[in-house]
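What follows is a set of notes on a single structure, which appears directly below.
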Amino acid sequence: MAAGGPLRRLDERVGDAVRTGGFPGGLAEFCADLGNIAVAVPVLAAAVAWTVWRARAWRLPLTAALALALVPALVAPLKALIGRPGPPGMDGSGGFYPSGHAATTVVAYGAAVLLLLPYPRFGRQLVALGALLILANGFGLVRQGYHWPLDVLASWCLGGLLLVVMAWLRERWEPVRPGRHAGRGQRPAA
């Protein structure tokens, strides 16, 4: 992909088509901004605070924060190693694959969903909202010419791996969900 080939050519054709399509630029910029640290971190911080306050649990919220902190530690070396140039109009140097903004979006919003999902108050619609925000961000990044589609897709995969680990830990650490309590004096099964 970094050196060229049919997959890269297809990726660039799709990216060019999205970028030059008729989707409103202002809305696309708003979607692209969902991956900014100034937007994504407060969303995850609110979910972390809610979970700590409501469940008096700290391991999974701490894991969510650590997962988000891992994003730049994983993305930066990959960008340096692969060195893929960005779309036209972006700096000609490499470092666009994978997208840090897309990875931030997946981990911040995905982790927030994982933290809040057990609470009936938030409902299953939370999953749809999280997925919509992640998809909108990816589309906005491509539409605005900040990244190629495969830059975004790679970040979704990377962020998804972090969320899978977090979901596995949730099942291990918190097998009893809020609203379904173990009997008085009993500890949940580990």
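These figures come from a predicted structure and were not determined experimentally. Heavy-atom basis, side chains included; hydrogens, waters and symmetry copies ignored. Position 1 is the first residue of the sequence, and the numbers go up from there.
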Listed pairs under 3.5 Å, donor-acceptor, residues 34-45 side chains, sequence neighbours left out:
from	atom 1	to	atom 2	distance (Å)
Asn36	OD1	His101	NE2	2.9
Asn36	ND2	Asp33	OD1	3.3

Exam field: side chain Ser99 to backbone Ser155, donor-acceptor pair closer than 3.5 Å:
no
Decide side-chain contact (heavy atoms from CB on, under 4.5 Å) for Leu162 and Leu74; before the verdict, give the C-alpha distance in whole Å, the side-chain angles of both, and the deciding distance to 0.1 Å.
CA-CA 11 Å; Leu162 291 172; Leu74 295 171; 4.1 Å; yes
Nearest-0.5 Å distance, CG of residue Leu153 to CG of residue Asp11
9.0 Å
Ignoring hydrogens, what is the shortest heavy-atom contact between Ala111 and Leu163? Give both atom names and the distance.
N-CD2, 3.4 Å
Pairs touching residues 63-82 that satisfy ring pair (Phe, Tyr, Trp, His ring centres under 6.0 Å), sequence neighbours left out:
none
For the atom pair CE (Met166) and CG (Leu115), what is the distance rounded to the nearest 0.5 Å?
4.0 Å
For Glu12, check salt bridge (Lys or Arg N to Asp or Glu O under 4.0 Å) against everything at least two apart and list the hits.
Arg8, Arg84
For Val127, the side chain to side chain contact (heavy atoms under 4.5 Å, CB included) test, sequence neighbours excluded, returns Val113, Leu117
By side chain to side chain contact (heavy atoms under 4.5 Å, CB included), which residues pair with Leu129, not counting sequence neighbours?
Leu133
Is there a path of hydrophobic side-chain contacts, each under 4.5 Å between heavy atoms of I/L/V/M/F/W/Y residues, joining Val164 to Val107?
no
Show every side-chain hydrogen bond (donor to acceptor under 3.5 Å, both in side chains) that has at least one partner inside residues 60-71, sequence neighbours left out.
none
Pairwise side-chain contact, Pro85 with Phe96, heavy-atom cut-off 4.5 Å (strictly under):
no
Under the rule for side chain to side chain contact (heavy atoms under 4.5 Å, CB included), what residues qualify as partners of Leu116, not counting sequence neighbours?
Ala47, Trp50, Thr51, Phe122, Leu126
Between Ala28 and Gln144, what is the shortest heavy-atom contact and its length?
CB-OE1, 3.3 Å
Going by the salt bridge (charged side-chain N to carboxylate O under 4.0 Å, His left out) test, which pairs reach into residues 15-27, not counting sequence neighbours?
Asp16-Arg19
Any side-chain hydrogen bond (donor to acceptor under 3.5 Å, both in side chains) involving residues 122-143? Give me the pairs, sequence neighbours left out, ordered by first then second residue.
Thr105-Asn137
Do Trp168 and Leu161 share a hydrophobic cluster, counting only Ile, Leu, Val, Met, Phe, Trp and Tyr and linking them when any side-chain heavy atoms are less than 4.5 Å apart?
no
Do Leu7 and Leu81 sit in one hydrophobic cluster, given that two such residues count as connected whenever their side-chain heavy atoms are within less than 4.5 Å of each other, even indirectly?
no
Residues in side chain to side chain contact (heavy atoms under 4.5 Å, CB included) with Val152, at least two apart?
Ala102, Leu141, Val142, His147, Trp156
For the residue pair Gly86 and Trp148, what are the closest heavy atoms and their distance?
C-NE1, 3.5 Å
Would you say Leu60 ends up clustered with Val106 if hydrophobic residues are merged whenever their side chains have heavy atoms under 4.5 Å apart, either directly or through other cluster members?
yes
Mind checking side chain to side chain donor-acceptor pair (under 3.5 Å) for Tyr146 and listing every partner two or more places apart, or none if nothing turns up?
Glu29
Just jot down the ring pair (Phe, Tyr, Trp, His ring centres under 6.0 Å) partners of Phe30, sequence neighbours excluded, or say none.
none
